[in-house]
Participant: 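Could you have a look at this structure, given as structure tokens, before my questions?
Proteins come first, then strands; the chains are lettered A, B, ... in the order of their sequence lines, and each starts at number 1.
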Number of protein chains: 2
Amino acid sequence: MKKTILVFGLLILALLVLFQLSKFSVVSGDMNIESTIAIVAVIFFFVGVYIHKKSLPKEQLESNEIDTSKIQQLDITNREYEVLKFISEGLSNKEIGEKLFVSESTIKTHVSNLLVKLNAKRRTEAVKIAKQLQII
Amino acid sequence: MKKTILVFGLLILALLVLFQLSKFSVVSGDMNIESTIAIVAVIFFFVGVYIHKKSLPKEQLESNEIDTSKIQQLDITNREYEVLKFISEGLSNKEIGEKLFVSESTIKTHVSNLLVKLNAKRRTEAVKIAKQLQII
DNA sequence: AGTCATTTGGTACTTTAGTATGAGCCTTTT
DNA sequence: AAAAGGCTCATACTAAAGTACCAAATGACT
């Protein structure tokens, strides 16, 4: 929180300096008007982008990107990951088996392994943990 | 997609017009340099904010806000909603019962009613649907 | 050729989950 | 007071989910 205030304070200061500099350049004739306005426009455009980005909660920007490396760290195999995604879609073991053209037994095996690897007691908990880890 | 291109096209056009106008104002002496630069800075700042906002996927901005009205539309009661949240946390009926100081039977009743109201076959599907509806 | 990880699938069993039904107790509304 | 909705709980059941083991086929790597 203190950090945010500091950053914004410095930013405003920088903008004021920039603004004064741009005026000075024009008045002193070091630069023509078109260039100055263009530069100011470009800079303030990016400032607008930056401010808006910073104004958003961090999760909304970080989230939605699946962390592939974490999947490997947990030793989750391709097949297991497929099953995990179907679980998060709310499908039963039987339905997942039909989607992947394998038996329900196979899905049960995958699910059991997933629960161990994700340190979950139930499939619902597995979904929660997987989302926290940004795996799905 | 066509709409996006159209909007951005018009936006660029408007900016060019604005840019030319600002130059013209200064050259013709209708406005002083300071004011012109300030106006351009402010406008392009907000353009930056706008562009950045538009560049984000809609879900990232809409999401994270729970839709209270939709909960009522579905006739989900307070208690049922509490249970729903615990389900999404990956708890079992027994664990939820302990958290809410009621029996597992009671939780089963609530879950059954939730599944009907959310039109889900399983608790995992209920979680998925509830998230789609931005209820949790 | 042999090892290893992955995927598959089976049996047998225990544990949760979910359904159906009925009932008692409150509180709010009519 | 009666009706209605919400919360509670129990019984009895069926259906999924999950565990524990075992075993076989496959492909990659050494």
Participant: At their closest point, which heavy atom of Ile136(A) faces which heavy atom of Ser88(A), and how far apart are they?
Facilitator: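 Heavy atoms only, the tightest pair is CD1-CB, 3.7 Å.
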
Participant: Pick the nucleotide of DNA chain C nearest each of Asn113(A) and Glu104(A); which residue has the one closer to the 5' end?
Facilitator: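 Here Asn113(A) is the residue nearer the 5' end.
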
Participant: Using a cut-off of less than 4.0 Å, is there contact between a side-chain N or O of Arg122(A) and OP1 or OP2 of dT16(C)?
Facilitator: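 For dT16(C), neither OP1 nor OP2 has a side-chain N or O of Arg122(A) closer than 4.0 Å.
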
Participant: Would a distance-only check, ignoring hydrogens and angles, find a side-chain to backbone donor-acceptor pair under 3.5 Å from Lys108(A) to Asn93(A)?
Facilitator: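 Checked: no pair found.
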
Participant: Using a strict threshold of under 4.0 Å (side-chain N to carboxylate O), is an ion pair present between Lys85(B) and Glu82(B)?
Facilitator: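 Salt bridge absent between Glu82(B) and Lys85(B).
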
Participant: If only side-chain N and O atoms of Asn93(B) are considered, is one of them under 4.0 Å from the OP1 or OP2 phosphate oxygen of dA17(C)?
Facilitator: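 Answer is yes, contact under 4.0 Å.
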
Participant: Could you check which of dT19(C), dT8(D), dG18(D) has an atom nearest any side-chain atom of Arg79(B)?
Facilitator: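 Ranking dT19(C), dT8(D), dG18(D) by closest atom to the Arg79(B) side chain puts dT8(D) first.
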
Participant: Indicate, with a heavy-atom threshold strictly under 4.0 Å, whether Ser92(A) touches base, sugar-phosphate, or nothing.
Facilitator: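 Since only primed, P, OP1 and OP2 atoms lie under 4.0 Å of Ser92(A), the category is sugar-phosphate.
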
Participant: Heavy atoms under 4.0 Å, any strand shown: does Thr77(B) hit a base, just sugar-phosphate, or nothing?
Facilitator: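 Sugar-phosphate contact only.
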
Participant: Heavy atoms under 4.0 Å, any strand shown: does Ser103(B) hit a base, just sugar-phosphate, or nothing?
Facilitator: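 Touches sugar-phosphate only.
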
Participant: To the nearest angstrom, how far is Leu100(A) atom CG from dG9(C) atom C1'?
Facilitator: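 Distance check: Leu100(A) CG to dG9(C) C1' gives 14 Å.
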
Participant: Check whether any side-chain nitrogen or oxygen of His110(A) sits under 4.0 Å from OP1 or OP2 of dG9(C), and answer yes or no.
Facilitator: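 Result: no.
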
Participant: Scan side-chain atoms only and decide if Thr106(B) and Ser103(B) contain a donor-acceptor pair under the 3.5 Å cut-off.
Facilitator: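 Distance-only check passes for Thr106(B) and Ser103(B).
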
